[in-house]
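Numbered from 1 within each chain, the chains take letters A, B, ... in sequence-line order. Quick note: numbers below take in every heavy atom, side chains included, and nothing from hydrogens, waters or symmetry partners.
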2 protein chains.
Amino acid sequence: MENIKIQKYEDLLLKNGLKRTGARLQVLDVLSNRNSATSQPYLENIIGKAIDRVTLYRILKTFEEKGIIHRILDNQGTANYAICSNSCTAHNHHDEHVHFNCNNCLKVYCLAETKIPPLKMPAGFEVYSMNLIVSGICKDCKQHTN
Amino acid sequence: MENIKIQKYEDLLLKNGLKRTGARLQVLDVLSNRNSATSQPYLENIIGKAIDRVTLYRILKTFEEKGIIHRILDNQGTANYAICSNSCTAHNHHDEHVHFNCNNCLKVYCLAETKIPPLKMPAGFEVYSMNLIVSGICKDCKQHTN
DNA sequence: TTCGTAACACAACATTGTTGCAATTAATAA
DNA sequence: TTATTAATTGCAACAATGTTGTGTTACGAA
């Protein structure tokens with residue numbers, strides 16, 4: 001891990017009142033260096049040898065509560081995690097962008113620029129948040145299968 | 001179960017090349033008589049005494065593959081099942097309506113009339129299907145808490 | 001009635017989530 | 001720097017759900 005990155009992670013932890021620990025830095029580093037959301041199995045596979053499974057579970061839970069990351073359930077119900085944009089806070093997640101779940105590689109992409117269009121709901125339902133997952137074939141897989 | 005309903009269920013099974021069995025009729029009956037999608041735990045709780053858990057699992061799996069029901073994962077990742085509209089078939093699910101997950105009673109509603117609005121996707125992503133889950137407070141819960 | 005296949009029950013195991021508790025570690029005050 | 005305290009971690013244990021294999025049962029066709 002480069003020092004400049006570590007500094008960034010430390011700031012993030014500090015800002016949220018969390019102690020700087022090796023485990024947390026590792027998780028942040030893995031999540032930061034990927035171009036798609038990271039699945040729980042993948043995380044456990046990579047980090048699980050160094051960090052206990054329960055610790056990983058609690059780190060992810062804490063991060064999500066603090067608004068550091070957000071969780072996306074893919075079409076199989078597998079948890080995927082991605083770093084939140086800067087504007088996210090514990091009480092005001094700005095993660096209502098669209099997610100894309102590739103049927104081939106199973107990756108989950110955050111389409112940060114693609115917002116969920118406004119929706120006309122039936123009367124009586126009070127909307128708090130929305131969660132749109134688009135399924136199909138991602139950029140990478142389309143190219144590789146051509 | 002009323003005879004007229006049983007007849008309907010039998011037709012549905014027959015149409016999909018499935019044998020008429022007590023277990024399947026029971027599942028169809030439970031799913032048909034509810035105004036929201038039915039969660040796996042609920043199903044298991046109600047039917048699980050009469051039908052083995054694995055049998056229930058396989059029935060649901062078969063039904064989903066045949067397009068008789070569709071599965072909705074709620075915000076906790078719990079599987080919920082609902083009867084498909086008539087226009088569904090195994091290879092052409094017409095279930096791209098919106099689902100509503102109540103934060104209070106945790107029920108999942110199929111908002112059959114609320115369609116997902118068209119979306120502008122980034123280049124390179126090929127869309128097969130979309131899945132929109134809206135969270136909030138449902139009709140019933142709003143009334144009961146007032 | 002017999003035969004073949006589909007459906008079922010039961011056993012067993014995998015994965016993920018979850019809690020409690022004791023041991024350890026990081027932040028900070030002295 | 002050291003001591004203190006609260007947060008963090010590891011381990012054990014368990015729950016829920018998904019999943020597969022296998023032997024048995026039941027149903028429909030010949």
Side-chain angles (χ1 to χ4, degrees), chain A residues 6-7 9-30 37-66 68-81 90 106 108, chain B residues 6 9-29 37-66 68-81 90 106 108:
Chain A
I6 296 187
Q7 185 60 51
Y9 304 151
E10 285 179 355
D11 291 349
L12 195 52
L13 293 175
L14 212 60
K15 194 176 71 181
N16 286 283
L18 299 176
K19 288 186 178 171
R20 174 215 137 107
T21 70
R24 284 172 177 164
L25 292 178
Q26 267 190 70
V27 172
L28 286 178
D29 198 49
V30 173
T38 306
S39 72
Q40 185 277 337
Y42 180 89
L43 270 174
E44 194 174 323
N45 189 37
I46 286 207
I47 306 190
K49 292 140 197 161
I51 305 176
D52 187 77
R53 195 172 65 85
V54 176
T55 300
L56 176 58
Y57 163 74
R58 284 198 252 238
I59 287 177
L60 294 170
K61 195 177 172 188
T62 303
F63 281 3
E64 196 191 356
E65 283 165 2
K66 297 287 186 178
I68 298 175
I69 62 177
H70 63 274
R71 188 185 55 162
I72 313 110
L73 294 176
D74 69 16
N75 293 322
Q76 276 69 241
T78 301
N80 288 258
Y81 298 91
L106 304 183
V108 173
Chain B
I6 296 187
Y9 304 149
E10 285 179 356
D11 290 350
L12 194 53
L13 293 175
L14 212 60
K15 194 175 73 179
N16 287 283
L18 300 175
K19 288 186 181 171
R20 174 214 138 107
T21 70
R24 284 171 177 165
L25 292 179
Q26 267 190 71
V27 172
L28 287 178
D29 197 48
T38 306
S39 72
Q40 185 277 338
Y42 181 91
L43 269 174
E44 193 174 324
N45 187 38
I46 286 208
I47 307 191
K49 293 141 196 163
I51 305 177
D52 187 78
R53 194 172 66 87
V54 177
T55 300
L56 176 58
Y57 163 75
R58 284 199 249 238
I59 287 177
L60 293 171
K61 197 177 171 187
T62 304
F63 281 4
E64 195 190 357
E65 284 165 2
K66 296 288 186 177
I68 298 176
I69 63 177
H70 63 274
R71 187 184 58 161
I72 312 111
L73 294 176
D74 69 17
N75 292 323
Q76 277 66 240
T78 301
N80 288 258
Y81 299 91
L106 305 183
V108 173

For this session: Check the pair A/I68 / A/L28 against side chain to side chain contact (heavy atoms under 4.5 Å, CB included), numbers first and verdict last.
Result: CA-CA 9 Å; A/I68 298 175; A/L28 286 178; 4.0 Å; yes

For this session: Output, in order, the C-alpha distance, side-chain angles, deciding distance and verdict of side chain to side chain contact (heavy atoms under 4.5 Å, CB included) for A/L13 and A/F63.
Result: CA-CA 9 Å; A/L13 293 175; A/F63 281 3; 3.7 Å; yes

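Distance CG/B/L18 to CG/B/L12: 8.5 Å, rounded to 0.5 Å. Here B/L25 contributes atom CG and B/I6 contributes atom CD1; the two are 6.5 Å apart, rounded to the nearest 0.5 Å. Here the straight-line distance linking atom CD1 of B/I69 with atom OH of B/Y81 works out to 6.5 Å at 0.5 Å rounding. One finds the CZ atom of B/R71 at 8.0 Å from the CG atom of A/N75 (value rounded to the nearest 0.5 Å). Taken from NE2 in A/H70 to CG in A/N80, the straight-line distance is 9.5 Å, to the nearest 0.5 Å.
Screening residues 53-62 of chain A for side-chain hydrogen bond (donor to acceptor under 3.5 Å, both in side chains) gives no qualifying pairs among residues at least two apart or on separate chains.
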What donor-acceptor contacts under 3.5 angstrom involve side-chain atoms of residues 37-52 of chain A, with partners at least two apart or in another chain?
residue : atom : partner : partner atom : Å
A/T38   : OG1  : A/R34   : NE           : 2.9
A/S39   : OG   : A/Y42   : N            : 3.1
A/Q40   : NE2  : A/E44   : OE1          : 2.5
A/Y42   : OH   : A/R34   : NH1          : 3.1
A/K49   : NZ   : A/N45   : O            : 3.0
A/D52   : OD2  : A/V54   : N            : 2.9

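When the salt bridge (charged side-chain N to carboxylate O under 4.0 Å, His left out) test is applied to A/R20, the partners found at least two apart in sequence or on another chain are A/E10. In this structure, B/Q76 has no side chain to side chain donor-acceptor pair (under 3.5 Å) partners at least two apart in sequence or on a different chain.
Within the 4.0 Å cut-off from OP1 or OP2 of C/dT16, not a single side-chain nitrogen or oxygen of A/Y57 is found.
Mapping B/L73 and B/R20 onto DNA chain D by nearest heavy atom places B/L73 at the nucleotide closer to the 5' end.
Recorded end-axis angle for the helix from C/dT1-D/dA30 to C/dA30-D/dT1 stands at 20°, based on five pairs per end and rounded to 10 degrees.
Proximity of residues 38-48 of chain B to DNA chain D (heavy atom under 4.0 angstrom from any strand atom) is restricted to B/Q40, B/P41.
B/D74 places no side-chain N or O within donor-acceptor distance of the main-chain N or O of B/I72, the cut-off being under 3.5 Å.
Summarising the geometry, the separation between CG on B/N75 and C1' on C/dG17 is reported as 16 Å, rounded to the nearest angstrom. C/dT18 atom P lies 9 Å from atom CD of B/Q76, rounded to whole Å.
Think of the region where chain B sits on DNA chain D: with heavy atoms and a 4.0 Å cut, that region ends 5' and 3' at D/dT17 to D/dC27.
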Which atom pairs link the protein and nucleotides 7-12 of chain C when you take only N or O atoms and keep those under 3.5 Å?
residue : atom : partner : partner atom : Å
C/dA7   : OP1  : B/K19   : N            : 3.0
C/dA7   : OP1  : B/R24   : NH1          : 2.5
C/dA7   : OP1  : B/R24   : NH2          : 3.3
C/dA7   : O5'  : B/R24   : NH1          : 3.4
C/dA7   : O5'  : B/R24   : NH2          : 3.2
C/dC8   : OP1  : B/T21   : OG1          : 2.6
C/dA9   : OP2  : B/D52   : N            : 3.3
C/dA9   : OP2  : B/T55   : OG1          : 2.4
C/dA9   : N6   : B/R58   : NH2          : 3.0

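Among all heavy-atom pairs drawn from A/I59 and A/A23, the shortest one is CD1-CB, 3.5 Å.
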